[in-house]
Amino acid sequence: MTFSEATIQDLVKEHYGLDVTVKALNGYDELNFLLSNEKNEKYILKVSNESHPFPFLEAQINIIQHLKKSSISDCFQHFSINKQGEELTKIIRASKTYYIRILNFLEGTFWVDVKTKTTELHHNLGRFLGNMDHALQDFSHPAMHRGYTWDISRASEADDNLKHILNHEKRRIAGYFLLQFDTEVLPQIHRLRHAYIHNDANDYNILVQGNRISGLIDFGDMVYTALINNLAIACTYAMLDEKDPLAVAATIVEGYHKVYALRKQELDLLYYLIAARLCISVTQSAYNASLDSNNEHHFITEKPAWDLLYKLIEINPIKAQDTFRKACGFTGLINEDDYSDLLEVRKKKIGRNLSIGYKDKLKIVKGALQYLYDDKGKTFVDCVNNPSHVGHCHPVVVRKMQKQIATLNTNTRYLNDAITEYAEKLTATLPSKLSVCYFVNSGSEANDLAIRMSRHFTRQKDIIVLDHAYHGTSTVAMEMSPYKFDSKGGSGQMPWIHKAINPDLYRGPYKYGDTKAGEKYAADVQRIIENLKKEDKAPAVFICETLLGVGGQIPLPENYLKTAYQYVRAAGGVCIADEVQVGFGRIGDHFWGFELQNVVPDIVVLGKPIGNGHPLAAVIVTEEIADAFNNGLEYFNTFGGNPVSMATGLAVLNVIQQEEMQRHALEVGNHLMNGLKGLMEKYPIISDVRGHGLFIGAEMVKDRITMEPAVPEIDIIVEKLKANGYLLSTDGPLHNVLKIKPPMPFSKQNADEMVRLLDIALSEL
């Protein structure tokens with residue numbers, strides 16, 4: 001619709017008998033004009049189209065007239081009456097109906113333009129909103145019962161526009177918060193108080209004079225919805241660009257509660273409602289961008305909205321709930337007990353040798369991508385939880401799992417599309433030779449099955465492993481894990497297990513700079529084969545992690561696997577690549593660790609990241625091995641390959657590929673390695689930094705010459721970082737390697753902060 005300033009001037013004269021000058025203003029979905037008369041009195045004229053039909057415009061008049069009877073009546077505009085004695089003037093142009101209304105001009109500074117916002121101002125905003133909502137308790141109008149995109153109660157609909165957010169990290173965060181809305185808020189909405197609300201107390205609609213709210217304009221977003229949504233919206237916009245957004249929101253909540261009492265149930269959802277409003281905003285901006293919109297109002301809060309979403313995900317929801325409850329005088333949620341009761345029950349009822357991390361125990365109650373939240377209100381950046389490969393509660397994975405488990409879960413005796421679709425997609429990431437899948441429930445079970453198949457194929461029993469290796473908790477996996485059988489309480493080495501030297505370029509006999517180190521370390525595998533020959537034996541298996549995990553976060557020397565595989569195959573053995581910890585793009589350079597060594601194993605074992613924490617693992621073999629294993633004895637696994645696991649695995653794989661996580665791991669991993677190498681130059685305690693992508697180890701020593709492990713120093717460092725919100729762990733035979741294997745959404749900002757905190761912790765040693 002087009003209405004020139006001259007046309008508006010004529011219409012005002014014709015219908016209102018006023019002589020005015022006219023200036024066009026910016027507007028979102030209505031045309032707005034500033035009118036001035038000869039006395040310099042100012043008015044706002046609005047032109048509405050079919051998107052705001054007559055009953056809805058009538059409702060706007062009614063709600064403002066209702067508020068004019070309240071204690072805050074001077075904060076709202078009033079309508080000018082036309083020559084017919086009406087607030088609305090109907091105009092028909094080119095067969096289209098428009099409505100004109102003129103409102104008085106309210107004095108004040110828009111909230112967005114107030115440079116310094118005091119605690120008193122935030123408190124008064126809360127009081128103003130509380131007074132308004134209290135005054136509207138007995139108001140109603142049927143036109144406000146409408147389906148509206150900007151109604152927070154309908155935030156789930158924003159999920160449809162997630163696809164328009166092209167940045168993977170941003171789409172993931174918005175998706176996470178919309179998932180939380182569906183999980184935490186949606187089941188509660190019907191229990192909340194509902195009311196007729198303004199629904200848009202944003203930073204361009206609130207007027208301020210000093211520390212007082214002098215006006216609230218634009219009732220075009222009003223709707224009948226959950227009462228708490230009105231407060232959530234005001235908090236959202238007041239939190240933008242604030243250093244401590246939670247404190248700002250708490251002050252507003254306190255002011256509101258003073259004049260119109262809130263309920264605990266409403267307060268407990270407020271954090272999620274604020275996030276949901278932001279998600280509606282950023283998805284609408286993305287949708288409008290996809291339409292090539294040039295309306296600046298479509299994008300006016302996009303950057304500060306994203307900034308706030310990034311801050312929100314770092315705020316523990318329990319801390320937010322606790323803060324809002326206490327602001328209203330309720331008892332908080334956070335319990336400062338020392339877990340002694342819980343530890344006592346655990347001691348009685350849970351296996352005694354199930355270890356718990358950290359000196360001061362953690363009770364983690366919620367996860368969000370690379371973040372973990374405890375029950376005390378603290379947020380932690382997870383730097384070690386590599387099973388949650390694509391992030392804790394990744395929205396795409398969770399929704400696929402939810403849908404499948406609500407549809408069907410059963411065993412593999414029935415035909416199902418998911419298992420074949422996943423097998424095809426998974427094997428497409430591997431060399432063509434590796435083409436047959438067996439799905440199981442854990443890396444331990446996968447390694448167990450891989451050994452069974454290898455022994456069946458070769459008719460041999462002996463297994464070559466690396467010293468300090470770990471391959472799982474089943475009986476067979478424990479037997480081939482020196483990390484377990486050589487440790488305190490271990491069963492010792494079985495005669496069919498043979499340990500090859502750890503190819504460690506830092507502590508081993510062949511060091512960095514030795515171009516033939518890989519071949520020299522592989523010679524120890526050949527030594528074992530020669531010794532077996534003397535007993536008329538041959539190896540069934542050589543199994544090796546493609547980057548060594550508990551062995552010390554060690555990348556293999558160049559040509560190590562190529563040479564070792566040649567020796568093993570020449571002796572009739574099978575080569576297994578254990579990708580349980582390092583697969584699925586974590587190393588950045590490649591999708592699989594074995595690709596770093598330019599080899600193709602006979603069997604690949606997958607676990608941990610394959611299901612993002614869901615119990616899923618796989619053994620992938622050649623046609624030849626699969627045919628040999630199909631010897632008439634049925635292989636059946638009740639849960640291996642069940643529909644829920646397959647839907648999960650497929651979702652994880654799709655997310656890795658669609659969100660370009662391998663490239664992200666390479667970029668962030670290199671950035672973090674550079675930061676750690678900078679610390680190594682500064683602090684002699686760090687003696688080696690190694691790894692690929694987001695699989696990194698930093699070795700710590702008391703002395704670089706003697707290489708004495710820096711224990712307990714490394715434990716002190718880990719505890720210091722935990723106290724500052726970063727969860728790390730130690731690894732290696734001497735327990736002196738800092739282990740860094742975060743969920744893949746771990747960002748450069750997380751890396752920088754981790755290095756900064758590590759710098760401080762090292763300086764304090």
Side-chain angles (χ1 to χ4, degrees), residues 152 155 173 176-189 191-192 228 231-232 235-236 239 242-254 256-257 262-279 308-343 346 356-358 360-383 385 388 391-395 398 613 722-727 743 745 750:
I152 299 181
I173 289 172
Y176 166 78
F177 277 120
L178 289 173
L179 172 67
Q180 296 311 306
F181 177 85
D182 287 352
T183 306
E184 303 287 350
V185 180
L186 212 52
Q188 301 291 334
I189 282 177
R191 297 190 182 97
L192 301 178
I228 188 67
L231 179 59
C235 287
T236 301
M239 291 164 82
E242 291 286 352
K243 193 173 179 184
D244 189 350
L246 184 59
V248 166
T251 304
I252 296 166
V253 166
E254 181 186 25
Y256 188 104
H257 184 72
L262 291 158
R263 297 174 182 176
K264 281 189 277 190
Q265 184 189 33
E266 293 168 328
L267 294 167
D268 288 348
L269 296 178
L270 189 53
Y271 167 90
Y272 297 110
L273 292 167
I274 291 165
R277 175 66 180 207
L278 290 165
C279 288
L308 183 52
L309 275 171
Y310 275 85
K311 286 178 183 173
L312 273 188
I313 203 166
E314 292 184 16
I315 295 172
N316 185 323
I318 287 175
K319 181 182 179 182
Q321 292 167 336
D322 184 78
T323 301
F324 293 144
R325 281 193 179 198
K326 286 176 178 172
C328 297
F330 295 120
T331 305
L333 282 171
I334 293 173
N335 184 349
E336 296 300 338
D337 70 47
D338 61 358
Y339 305 128
S340 53
D341 291 345
L342 181 61
L343 288 165
R346 186 180 170 107
I356 312 172
Y358 303 104
D360 294 321
K361 306 309 175 198
L362 278 176
K363 184 179 179 184
I364 299 296
V365 294
K366 203 168 180 65
L369 305 174
Q370 68 267 45
Y371 299 99
L372 291 170
Y373 308 122
D374 77 351
D375 66 330
K376 307 289 190 211
K378 280 201 74 173
T379 299
F380 299 91
V381 179
D382 185 354
C383 303
N385 226 314
S388 294
H392 300 281
C393 301
H394 190 291
V398 171
K722 171 187 169 274
N724 284 302
Y726 275 71
L727 299 181
N750 298 143

Which is it for Y339 and D375 under the side-chain contact (heavy atoms from CB on, under 4.5 Å) test, yes or no, and what are the steps along the way? CA-CA 11 Å; Y339 305 128; D375 66 330; 2.5 Å; yes

L262/F324 under side-chain contact (heavy atoms from CB on, under 4.5 Å): CA gap, chis, key distance, verdict: CA-CA 10 Å; L262 291 158; F324 293 144; over 6 Å; no

Output, in order, the C-alpha distance, side-chain angles, deciding distance and verdict of side-chain contact (heavy atoms from CB on, under 4.5 Å) for L372 and L362. CA-CA 10 Å; L372 291 170; L362 278 176; over 6 Å; no

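Using a 4.5 Å heavy-atom cutoff, the side chains of R191 and R263 are not in contact. At a threshold of 4.5 Å between non-hydrogen side-chain atoms, the residues F330 and H257 count as touching. Under the 4.5 Å side-chain criterion, counting only non-hydrogen atoms from C-beta, L231 is not in contact with E266. Two residues are said to be in side-chain contact when any heavy atoms from C-beta on lie closer than 4.5 Å; L727 and Y358 meet this criterion. Counting heavy atoms from C-beta on, the side chains of N316 and Y371 never come closer than 4.5 Å. Using a 4.5 Å heavy-atom threshold, the side chains of I189 and V185 count as touching. A 4.5 Å side-chain heavy-atom check between M239 and L312 finds at least one atom pair inside the cut-off. Residues V253 and L267 meet the side-chain proximity criterion, which asks for heavy atoms closer than 4.5 Å.
Other residues, nucleotides and ligands contribute more than 12 heavy atoms inside 6.0 Å of the NZ atom of K722. Residue-environment remark: NZ (K264) stays at or below the threshold of 12 foreign heavy atoms within 6.0 Å.
Pairing each heavy atom of I334 with each of D322, the nearest pair is N-OD1, 3.1 Å. Shown here for L309 and C279, the closest heavy-atom pair between the two residues is CD2-SG, 4.3 Å.
Between D337 and K376 there is a salt bridge, since a side-chain N of the basic residue sits under 4.0 Å from a carboxylate O of the acidic one.
Remark: the backbone N or O of P745 is paired with a side-chain donor or acceptor of Q370 at under 3.5 angstrom.
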